[in-house]
Amino acid sequence: MGRYVARRLLQMIPVFIGTTLLIFIMVNVLPGDPVRALWGDKPPDPAQVAQIRHDRGLDLPLWEQYLHYMKGLLQGDFGKTIAGNRPVLDEITQAFPVSLRLAAMAWSFELVVGITLGVLAGIRRGRIVDNGVTLFTLLVISVPIFVIGRLFQLYFGNELEWITPTVQDSENLGQLMVPALVLGMVGLAYVARLTRTSVAENRSADYMRTAVAKGLPRKRIITRHLLRNSLIPVVTYLGTDIGALMSGAVITEGIFNVTGVGNLLFQGLAHREGAVIVGIVTVLVLVYLVASLIVDLLYAVLDPRIRYA
Amino acid sequence: MRGAKSAKWVAIAGVVALTATACGGGDDSSSGSGKVDPKGIVSYANGEPQNALQPSNTMEAYGSVVIDSLFTGLVHYDKQGNITYENAESVTPDKANKVWTVKLKPGWKFHNGEAVTAKSYVDAWNWAADPANGQQNSGWYRDIAGYDKVHPEKGKAKSKSMEGLKVVDDNTFTITLNTGIPYYAYKLVYAPFYPMPSAALKDPKKYGEAPVGNGPYKFKSWDHKKSVQVTAWSGYKGDAKPKNGGINFKAYTTPQAAYDDLRSDNVDTMPLIPDSELANFKQDFGDRAIEQDFSAINTVNPAFYSKTFKDVDVKVIQGLSMAIDRDTIAKTTFAGTRESATGWVAKGVKGYKADACGEFCKFNPKKAKQFVKDGGGVPGNKVSIQYNADQPHKGWVTAVCNSITKSTGVKCVGDPKTDFQADTEVRDKKQVKAMYRSGWVLDYPFNGNFLADLYGTGVDGNKGGFSDKKFDELTKKADAAKTVDESAELYQKAEARLAETFPGIPLWYNKVLSASSKNVKNVKFDQAGDPVLTDIEVFEK
């Protein structure tokens, strides 16, 4: 187990370097010069452009920029933005807690509601509950997220006036409720479907028959025997979804004006803020790597037959 | 969510949570009292300012609107494009329009109590001109003698101050220009010409986070990415005293989000209705919808270095211009929110002349076809219009193209570039295939700003590579005129010349499209499309 974790941690290093390098190169080959863009429609000032390029190290060759960037990163320095010359770390530390909260809410929503629906549908396969869940998830998966988001916003916000159409304070948990609901909607549908299939499949397994024959109480059969064995694909999905929820919030955050990572990433891309994009992606890569490691370790907890060497 | 018990429960729980966290959008509608609260705060849908809040470093809209609320400059202008005096008592040129004497109104103070003197202006400008201080707007001082020493094209500054700026006494200073410019006072409207207190130059970084100005509003707080707040300042000496208690500039990331908040009165006004709502905003807001002229123009410009237009006969471009049914497109694609252009200068600036483009800007398919034919046609019988796809340009570009093809038989296609950055890069590198879309909002309300700065040979704003000796001569003459009026008139002659050379096809004048919430009244926008914040009145709650 210890060796396994160590090996996984070591594997993270090349993955980390590879992804950051790729993103770094990709951002740099995008058309359009971010420094020139500061002047918008108006003609830029060559002396000032040169000054800004020099300040941010943009006049160096790409490989040197990357080395500088990685060197800074190891010391916790994410570089500076082109517009405004603000430390990227400040921007990230401001946006991450917001997205983290939003993602956590959406995630727990997926977890609790998704698994509950899935289990219910799984045990009563073919019955009305099952059909209901199937129909609901089909609907959610097939309707694009921005449609759901806009509908929620227009209906609850502008028509019923239960909520403000956009989030007024991104740190207020209550206001993040609806965006989190929208954000977690698709994941919820997938979790419900995965759970349903898995539960339905395992219901006829030998150990289930044994458990029933032993005369165990129904609740115990479902939670200890059925659910535990059915959760492995679900846990895999939920694990990788943490990262996806954080970066995938671009649309939801945009609709509800939440100032999180998704929004920051979008703005960064629109303004070609290389340091911001690479910085966020770096953190997201870390989140993904750690989440998938935890998922892999959880397998052993759920199913002791899975062992690591 | 139907069928399952637990699903029902979740739905109910969701609804309960929503009601519990609702922010009382519903009670605001009872603003019928009609009484005005002079201490009421106006909320304005803005975005996060790009740079630190220094006047000489702010050129994009989100920062500019904040800076303009905090500062009052020497001069401003009225609806007819005439100069009005603000912090200046007078701004007078010598006979050659070369040495300008600025007299300040005495007794003005900054928000921190420091007196606004001639030195506050001179020091601020000299500081901002120095490239080491990284001020984006420093190019605005280039008319002043000695600017090239402080701000050379390359390398470090050779001098710390421009020799053209001289403090005479506390309330007087002079500006000596490289060459005489009759309308120089108009340029002084712009933000880089605002004064700064001495503390600003000592610690510019701190100042950029909490600016101290001399304007109607005093800086209160800047909560990054959330809001900038300013409050009405009782010590203000200018005429436009705030009729409200302050402004809350709320940061929005999309205009759509701002629009939805405006509809439910969570924000009081916004700069521009998003294009997706053009068709319904008048219905949504009724008499609270705002539609106003402002001085901006849209054009489609040929790239004269491209294969298509290299040795083109001007008749072809005139023909293409006549092939465009401006009125219909304005009515359909823009839902009547643009106005057909009749010249190259936008309305509302000094020297604007209606119909400068004459018959060439009027839809006439028959003549259009004849003109294109007489001019020898376009190579390959095909033109394209380059635009940036991150803004809603596709609709009208397609409409313009259809109109051209239908009238003249010349094939016309849109040439989208992913976003504005990519678009400007192609323009800067002179790689436009045929034509590109362009827009221009006034820098200062004078017709020369729309002419010499866009179509002069080799000027920065001239991206199409247009060059006409006669036009250059005319603008030179206009710049050498004795008075503003004379200069404006001479510029009109230069504009008339454009009808014969056609460096750009005028399309539409923009309008400010906005609305106000139920909480406020008297929301207006000025010639530059900026809100007149001091006039907004807030109803009592």
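Chain letters run A, B, ... following the sequence lines, proteins first and then strands; every chain starts at 1.
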Exercise for the section: Heavy-atom distances under 4.5 Å only: say whether B:Y252 touches chain A with side chain, backbone, both or neither. Expected result: both
Completion exercise
Turns out that what part of B:N137 lies under 4.5 Å from chain A's heavy atoms comes down to neither
Fill in the blank from the handout: For B:T253 and A:G254, the nearest pair of non-hydrogen atoms, with its separation, is OG1-O, 4.4 Å
Handout entry: Interatomic spacing from OG1 in B:T424 to CZ in A:R36 - rounded to 0.5 Å
Key = 5.0 Å
Practice task
Under 4.5 Å heavy-atom distance to chain A, tell me which part of B:K226 shows up: side chain, backbone, both or neither.
Solution key: side chain
Practice task
Could you tell me which portion of B:V441 (side chain, backbone, both or neither) has an atom closer than 4.5 angstrom to a non-hydrogen atom of chain A?
Solution key: backbone
Problem - Side-chain donor or acceptor of B:D261 paired with backbone N/O of A:T166 under 3.5 Å - result: yes
Practice task
Let me know if B:E60 has heavy atoms under 4.5 Å from chain A in its side chain, its backbone, both or neither.
Solution key: neither
Practice task
In plain terms, say whether A:D33 and B:K429 are close enough for a salt bridge, that is, a side-chain N and a carboxylate O under 4.0 Å apart.
Solution key: no
Handout entry: Minimal non-hydrogen separation, B:M59 against A:L38, with atom names
Key = SD-O, 3.8 Å
Problem - Distance in Å, A:Q94 CD paired with B:D223 CG, rounded so as to fall on 0.5 Å steps - result: 7.0 Å
Problem - Contacting moiety of A:L154, where chain B heavy atoms sit under 4.5 Å - result: side chain
Handout entry: Within 6.0 angstrom of A:F266 CZ, more than 12 heavy atoms from elsewhere
Key = no
Practice task
First locate atom CG of B:D460, then atom CH2 of A:W39, and finally report the distance between them rounded to the nearest 0.5 Å.
Solution key: 11.5 Å
Fill in the blank from the handout: Comparing B:K250, B:R427, B:K463, B:Q135 against chain A, the one with the most heavy-atom pairs below 4.5 Å turns out to be B:Q135
Practice task
Determine whether more than 12 heavy atoms belonging to other residues, nucleotides or ligands lie under 6.0 Å from atom NZ of B:K149.
Solution key: no
Practice task
Under 4.5 Å, heavy atom to heavy atom: which of residues 45-58 of chain A reach chain B? Give them by number, or say none.
Solution key: A:D45, A:P46, A:A47, A:Q48, A:Q51
Fill in the blank from the handout: dist A:Q153:CD -> B:Q256:CD (nearest 0.5 Å) comes out at 7.0 Å
Problem - Side chain, backbone, both or neither of A:R124 within contact of chain B (heavy atoms, under 4.5 Å) - result: neither
Exercise for the section: Would you mind checking which part of A:E159 comes under 4.5 Å of any heavy atom in chain B, side chain (CB onward), backbone (N, CA, C, O), both or neither? Expected result: side chain
Practice task
Check whether any side-chain N or O of A:N257 sits under 3.5 Å from a backbone N or O of B:A251 as a donor-acceptor pair, and report yes or no.
Solution key: yes
Practice task
Determine whether more than 12 heavy atoms belonging to other residues, nucleotides or ligands lie under 6.0 Å from atom CZ of B:F420.
Solution key: yes
Problem - Heavy-atom pair of closest approach, residues A:A83 and B:N51 - result: C-OD1, 3.7 Å
Problem - Toward chain A, the part of B:K417 with a non-hydrogen atom under 4.5 Å - result: neither
Handout entry: B:K206 atom NZ, neighbour heavy-atom count above 12 within 6.0 Å
Key = no
Practice task
Heavy-atom distances under 4.5 Å only: say whether B:D419 touches chain A with side chain, backbone, both or neither.
Solution key: side chain
Handout entry: Among A:I255, A:N263, A:T259, residue most engaged with chain B (heavy-atom pairs, under 4.5 Å)
Key = A:N263
Completion exercise
Rounding to 0.5 Å, atoms CD1 (A:I163) and OG (B:S264) come to a distance of 9.0 Å
Handout entry: salt bridge (Lys or Arg N to Asp or Glu O under 4.0 Å) against B:D268, all qualifying residues, sequence neighbours excluded
Key = none
Practice task
Spell out, as yes or no, whether a donor-acceptor pair under 3.5 Å connects the side chain of B:Q421 to the backbone of A:L30.
Solution key: no
Problem - Nearest-0.5 Å distance that lies between atom CG in B:D390 and atom CG in A:L269 - result: 11.0 Å
Problem - Segment of A:A121 engaging chain B (4.5 angstrom heavy-atom cut-off) - result: neither
Exercise for the section: Among B:V426, B:V459, B:D428, single out the residue with the greatest number of heavy-atom pairs under 4.5 Å to chain A. Expected result: B:D428
Problem - Carboxylate-amine/guanidinium proximity below 4.0 Å for B:E48 and A:R86 - result: yes
